[in-house]
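Below, chain A is the first sequence line, B the second, and so on; all start at residue 1. As the structure is a prediction and not an experimental result, all values here were calculated from the model.
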Number of protein chains: 2
Amino acid sequence: MKAKNILLKYNLSITTGRLNILEIFLNNEMALSEKDIQDKLIGVCDRATIYRTLKKFKDTGIVHPIATEGMITKYVLKKEPEEHLHFKCTDCGKIMCLPEVQMKNYELPSGFTKKESNFLVIGTCNNCNN
Amino acid sequence: MKAKNILLKYNLSITTGRLNILEIFLNNEMALSEKDIQDKLIGVCDRATIYRTLKKFKDTGIVHPIATEGMITKYVLKKEPEEHLHFKCTDCGKIMCLPEVQMKNYELPSGFTKKESNFLVIGTCNNCNN
DNA sequence: ATTATTTTTGCAACAATGTCGCATTTTATA
DNA sequence: TATAAAATGCGACATTGTTGCAAAAATAAT
Ligand SMILES: [Mn+2]
Ligand SMILES: [Mn+2]
Ligand SMILES: [Zn+2]
Ligand SMILES: [Zn+2]
């Protein structure tokens with residue numbers, strides 16, 4: 001029922017597609033691309049639907065995209081605090097949030113104002129590192 | 001002669017294409033995509049050549065890509081210090097390095113090791129902010 | 001519960017990037 | 001200058017993002 005409640009909370013109509021996709025996010029720590037989700041919903045959900053659902057989830061604030069160097073956009077459920085670190089493992093390829101890392105304050109040059117931020121550290125994750 | 005010296009320094013053969021592209025980076029503060037460069041080299045340089053040149057420049061360390069949410073990869077000449085902030089203006093769309101911003105230290109969770117990082121702040125730049 | 005209205009979906013089609021093989025041209029080496 | 005090595009242009013194709021449109025599903029109204 002968790003997924004359904006999230007949709008209700010954000011005033012989105014309840015559809016099986018959205019429930020399926022949200023369920024996948026709820027059961028996954030890692031950031032997911034459109035393709036990642038497609039692979040889990042073959043024959044269940046159309047590509048365009050996944051694309052539009054992801055867009056809607058992003059716009060409503062259910063998920064947020066993670067900036068990476070590649071061309072693929074990956075999403076994760078939003079977490080607190082708002083400004084936190086992301087980690088990309090060059091070994092297993094996984095991308096994840098590290099909300100527990102405390103980001104210290106930094107000062108932008110005068111004239112620059114911040115709306116949001118995307119901090120990505122690239123390296124080897126705890127799982128691949130032993 | 002600056003461009004040529006950079007190619008020599010990195011042991012890359014001197015070609016007009018590479019000189020052209022490097023010249024563009026030297027004369028541009030902002031991060032550039034393959035398309036940005038194409039537009040400046042219409043009829044001079046093939047798309048595939050620009051693609052491969054950018055790749056080579058990245059691999060040799062002449063430029064580095066900037067992680068953004070979009071699907072387009074943008075590059076800038078490498079700057080010191082290695083770990084610095086990037087800024088994306090939602091108004092004019094430009095992406096730039098802010099190497100003057102001092103990033104304070106942060107601690108990764110145990111088991112995680114860092115190779116590199118990509119810090120992006122999104123907001124309004126000094127130019128668009130008045 | 002039915003019907004009407006609003007949204008979402010599936011499909012198809014297309015644009016933009018990234019990516020590569022291969023023959024030809026250019027650059028570097030001998 | 002001749003030879004070997006590397007880069008380029010062209011063409012082709014894969015992937016991702018994106019949208020129009022009619023059918024299907026969900027929500028609101030009766
Ligand atoms: Mn996150
Ligand atoms: Mn930079
Ligand atoms: Zn890993
Ligand atoms: Zn700006």
Side-chain angles (χ1 to χ4, degrees), chain A residues 1 3-24 31-60 62-76 93 95, chain B residues 1 3-24 31-60 62-76 93 95:
Chain A
M1 271 299 85
K4 185 170 171 186
N5 287 333
I6 292 175
L7 292 181
L8 288 171
K9 174 180 167 191
Y10 285 91
N11 266 83
L12 298 180
S13 28
I14 317 292
T15 71
T16 50
R18 287 176 179 170
L19 289 172
N20 280 140
I21 293 171
L22 203 39
E23 210 61 66
I24 290 173
L32 300 167
S33 66
E34 186 192 304
K35 181 64 165 42
D36 293 333
I37 294 171
Q38 255 181 72
D39 292 342
K40 295 172 187 284
L41 292 178
I42 305 170
V44 178
C45 219
D46 185 71
R47 208 168 74 82
T49 301
I50 295 173
Y51 166 73
R52 282 184 282 227
T53 300
L54 253 19
K55 192 174 181 177
K56 181 130 288 189
F57 282 5
K58 184 185 72 172
D59 292 344
T60 55
I62 295 177
V63 302
H64 76 88
I66 294 182
T68 64
E69 298 167 19
M71 78 238 88
I72 304 169
T73 310
K74 296 221 173 198
Y75 301 88
V76 285
I95 297 176
Chain B
M1 271 296 89
K4 184 171 172 184
N5 286 332
I6 293 176
L7 292 180
L8 287 170
K9 173 181 167 190
Y10 285 90
N11 266 83
L12 299 181
S13 28
I14 317 291
T15 71
T16 50
R18 287 178 180 170
L19 289 172
N20 281 140
I21 293 171
L22 204 38
E23 209 64 63
I24 290 173
L32 300 167
S33 65
E34 187 192 304
K35 182 63 166 41
D36 293 332
I37 293 171
Q38 256 181 70
D39 292 341
K40 295 171 188 284
L41 292 178
I42 305 169
V44 178
C45 220
D46 186 70
R47 208 167 74 85
T49 301
I50 295 173
Y51 165 73
R52 282 184 282 228
T53 300
L54 253 19
K55 192 173 181 178
K56 181 129 286 189
F57 282 4
K58 183 184 73 172
D59 291 343
T60 56
I62 294 177
V63 301
H64 75 88
I66 294 183
T68 64
E69 296 168 20
M71 78 239 88
I72 302 170
T73 310
K74 296 221 171 199
Y75 301 88
V76 285
I95 297 176

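From Y51(A), atom OH reaches atom CD of Q38(A) across 13.5 Å, with rounding to the nearest 0.5 Å. Going from atom NZ of K58(B) over to atom OG1 of T60(B) covers 11.0 Å, rounded to the nearest 0.5 Å. The line from CD1 of I6(B) to CD1 of I62(B) is 6.5 Å long, rounded to the nearest 0.5 Å.
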### Summary
Protein-proximity profile, nucleotides 20-30 of chain C, B/S/- by nucleotide at the 4.0 Å heavy-atom cutoff, equals BB-----SS--
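With contacts defined as side-chain heavy-atom distances shorter than 4.5 Å, the pair S13(A)/R18(A) qualifies. Looking at T49(B) and T15(B), their side chains never come closer than 4.5 Å, going by heavy atoms from C-beta outward. For the pair T73(B)/L54(B), no side-chain contact is recorded, criterion being any heavy-atom separation below 4.5 Å from C-beta on. Inter-residue side-chain proximity for I21(A) and F57(A) is flagged as met; some heavy-atom pair is nearer than 4.5 Å. Put simply, the side chain of I24(B) reaches to within 4.5 Å of the side chain of L41(B), judged on heavy atoms.
As a whole-Å value, the separation of D59(B) CG from dT19(C) P is 11 Å. Atom pair K74(B):NZ and dG18(C):C1' shows a separation of 16 Å (rounding to whole Å applied). Rounded to an integer number of Å, the gap from CG of D46(A) to P of dA22(D) is 17 Å. If you measure from atom NZ of K56(B) to atom P of dT8(D), you get 9 Å, rounded to the nearest angstrom. Atom-to-atom, CD1 of I72(A) to P of dA14(D) comes out at 16 Å; the value is rounded to the nearest Å. For L54(B) and dT19(C), the CG to P distance is 11 Å, given to the nearest whole Å. Rounded to an integer number of Å, the gap from CG of N20(B) to P of dA7(D) is 16 Å. Atom CG of L19(A) and atom C1' of dA25(D) are 13 Å apart (whole Å).
The minimum heavy-atom distance between A31(A) and V76(A), with the atom names listed, is CA-CG1, 3.2 Å. Nearest heavy atom pair, residue C45(B) against residue G17(B), reads SG-CA, 4.0 Å.
Only E34(B), K35(B), listed by number, bring a heavy atom of residues 34-41 of chain B to less than 4.0 angstrom from any atom of DNA chain C. Of the residues in residues 3-10 of chain A, none lies under 4.0 Å from DNA chain D by heavy-atom distance.
Across the interface with DNA chain D, nearest-nucleotide mapping of R47(B) and V44(B) shows V44(B) to be the residue nearer the 5′ end.
Considering only residues two or more places apart in sequence or on other chains, K4(B) meets the side chain to side chain contact (heavy atoms under 4.5 Å, CB included) condition with M1(B), L8(B), I14(B), L19(B).
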### Task
Test side chain to side chain contact (heavy atoms under 4.5 Å, CB included) on V63(B) and L32(B) and set out the steps.
CA-CA 10 Å; V63(B) 301; L32(B) 300 167; over 6 Å; no
### Task
Would you sort out whether T53(B) and I37(B) count as a side chain to side chain contact (heavy atoms under 4.5 Å, CB included), showing the intermediate values?
CA-CA 11 Å; T53(B) 300; I37(B) 293 171; over 6 Å; no
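Terminal axes of the helix from dA1(C)-dT30(D) to dA30(C)-dT1(D) (five pairs each, C1' rotation axis) are separated by 40°, to the nearest 10°.
Applying the salt bridge (Lys or Arg N to Asp or Glu O under 4.0 Å) definition to pairs two or more places apart or across chains, those involving residues 33-53 of chain A are E34(A)-R47(A), K35(A)-D39(A), D36(A)-K74(A).
Within the nucleic acid shown, R18(A) comes within 4.0 Å of sugar-phosphate atoms alone, with no base atom in reach, counting heavy atoms only.
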